[in-house]
Colleague: 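Let me give you the structure first, and then I'll get to my questions.
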Amino acid sequence: MNENEHFTVLDSDPDDAPDLSKDGWPEKLAKATVRRGRQTRIDQALRDWIGKHGAE
């Protein structure tokens, strides 16, 4: 096993994350463009196919 000689100490506290239910975040998130990735398109194609042909 290789040892990592350049360990980086994280200087952030996990509790420092912003509260996304306040301070305009709901509006910002509502306006955000959702990019559909390849797996999402594959999943949707499978759902469409199953919807047309039924699951057996």
Side-chain angles (χ1 to χ4, degrees):
M1 181 192 301
N2 295 333
E3 293 295 325
N4 186 352
E5 296 176 9
H6 304 287
F7 178 74
T8 303
V9 177
L10 298 176
D11 63 350
S12 64
D13 184 354
D15 292 332
D16 288 345
D19 183 356
L20 299 180
S21 66
K22 299 179 183 176
D23 300 326
W25 279 105
E27 293 81 15
K28 291 178 187 178
L29 294 173
K31 293 178 184 178
T33 302
V34 177
R35 296 183 181 168
R36 295 175 63 110
R38 181 178 70 172
Q39 187 61 50
T40 303
R41 291 191 303 269
I42 293 169
D43 293 345
Q44 187 60 49
L46 287 171
R47 285 189 205 99
D48 293 345
W49 188 90
I50 290 170
K52 292 177 183 175
H53 299 92
E56 296 179 15

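We number each residue from 1, following the sequence as shown.
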Colleague: For the residue pair P26 and K22, what are the closest heavy atoms and their distance?
Modeller: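 P26 and K22 have their closest heavy atoms at CD-O, 3.9 Å.
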
Colleague: Would you give the length of the straight line joining atom NE2 of H53 to atom CG of D48, rounded to the nearest 0.5 angstrom?
Modeller: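 One gets 11.0 Å once the value is rounded to the nearest 0.5 Å.
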
Colleague: Distance check, rounded to the nearest 0.5 Å: L46 atom CG versus Q39 atom CD?
Modeller: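 If we round to the nearest 0.5 Å, L46:CG and Q39:CD are 8.5 Å apart.
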
Colleague: Flag this pair as yes if the NZ/CZ of K28 is under 6.0 angstrom from the six-membered ring centre of W25 and inside a 45 degree cone about the axis; otherwise no.
Modeller: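 Yes, a cation-pi geometry.
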
